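Below: the structure, in structure tokens.
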Number of protein chains: 2
Amino acid sequence: MYEIESKLIEKSGLTATNQRIMILHFIYEIADHPTADDIIDWTQKHCPKISVATIYNTLNVFVEKGMIHAMSPPGSKTIYYDKNTHHHYHLVDTKTGKFQDIDAKSIQFSHQIEDYAVEKVDVFIYAHKKR
Amino acid sequence: MYEIESKLIEKSGLTATNQRIMILHFIYEIADHPTADDIIDWTQKHCPKISVATIYNTLNVFVEKGMIHAMSPPGSKTIYYDKNTHHHYHLVDTKTGKFQDIDAKSIQFSHQIEDYAVEKVDVFIYAHKKR
DNA sequence: GTCAATGCAAAGGTTTTGCAACTGG
DNA sequence: CCAGTTGCAAAACCTTTGCATTGAC
């Protein structure tokens, strides 16, 4: 149980504690772009006495180590966490507020920005489903 | 003086008060992607006794009315304000942390997202200038 | 046994709110 | 005047911090 999570945590040089495993498990296997609050809710139900301090600290450590991704839609200050897999963008459904991963290949960049070395691109597409 | 700002405020059905004019003036004419804090600093120097409550309220009203744009780079919780002109994206210089507007035409979308009606696209490009 | 990780509660910073006072048309 | 706007201070909110305790190896 939780071998994947444990491995990932240890690979980053951290101790695979219950709290960390549960947080990572939630982000990787259960939640879809959760906020810190979502994570607090779920982990506190599934892990007796995990404290918010630990959760915030852990999330910061995970982001530092590159195990998860943090992002916030432009104009919002809410941070959403995301498993850090391949390169993808986000489609924001403006009706539901839900995120959807979309493939990076659906967007092409022309070489207009030639004197810059692009490191990372984050794209937020706000849209609603056509009836 | 400040005719442009006044017109814009009144066009949105609001009273063009000193406070509102100064806030809008700063965002439109002086600042480059300021934060709420930048706006507080500047307006309080140029407008006696403007309160933070008013500034925050005004910013929220301006955003609602579409007079300005609010955005926060993915992963950050700081909100930056921007004059709302034509459709453009942001190039984030990862060395300096500064934003730069880039033309929307430099990015093309393939029609992979056919069942969604796209309303708005926000693109954050993190890059650094080549040597 | 030792160092890292955790929990608690308090502090921190930012934004919002309630309400009374003010102001512009 | 009178609705809309503002200022003040308090509250709300979310996140971080300090420190003592616990837990992993």
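For clarity, every value in this text was computed on a predicted model and none was experimentally measured.
His46(A) places a side-chain N or O within 3.5 Å of a backbone atom of Trp42(A) that can act as its donor or acceptor partner.
Using a 4.0 Å heavy-atom cutoff across all strands shown, Asn57(A) reaches at least one base atom of the nucleic acid.
Lys11(B) has its side chain within reach of Leu8(B): a pair of non-hydrogen atoms, C-beta onward, lies under 4.5 Å apart.
Contact footprint of chain B on DNA chain C: nucleotides with an atom under 4.0 Å from a non-hydrogen protein atom, first to last in 5' to 3' order, dT14(C) to dT17(C).
Spacing between atom CD of Glu10(B) and atom C1' of dT5(D) amounts to 14 Å, rounded to whole angstrom units. With rounding to whole Å, Leu59(A) atom CG is found 15 Å from dC14(D) atom P. Following rounding to the nearest Å, Glu64(B) (CD) and dG4(D) (C1') show an atom-to-atom distance of 15 Å. Atom NZ of Lys65(B) is separated from atom P of dG4(D) by 11 Å (rounded to the nearest Å). Atom pair Ile79(A):CD1 and dC14(D):P shows a separation of 13 Å (rounding to whole Å applied). In this structure, OH of Tyr56(B) is placed 17 Å from C1' of dT6(D), rounded to the nearest angstrom. Between Tyr80(A) atom OH and dC14(D) atom P there is a gap of 12 Å when expressed in whole angstrom units. Rounded to a whole Å, the CG atom of Asn18(B) is 14 Å from the P atom of dT5(D).
In this model, the phosphate group of dC8(D) is not approached by any side-chain N or O of Ser51(B) to a distance below 4.0 Å at OP1 or OP2. Note on Lys49(B): a side-chain N or O is less than 4.0 Å away from OP1 or OP2 of dC8(D). Listed pair Gln19(A) / dG23(D) fails the phosphate criterion, with no side-chain N or O lying under 4.0 Å from OP1 or OP2.
Considering only side-chain atoms of Arg20(B), the nucleotide from dA24(D), dG7(D), dT6(D) that sits closest is dT6(D).
No hydrogens or angles considered: nothing links the side chains of Thr54(B) and Asn57(B) as a donor-acceptor pair under 3.5 Å.
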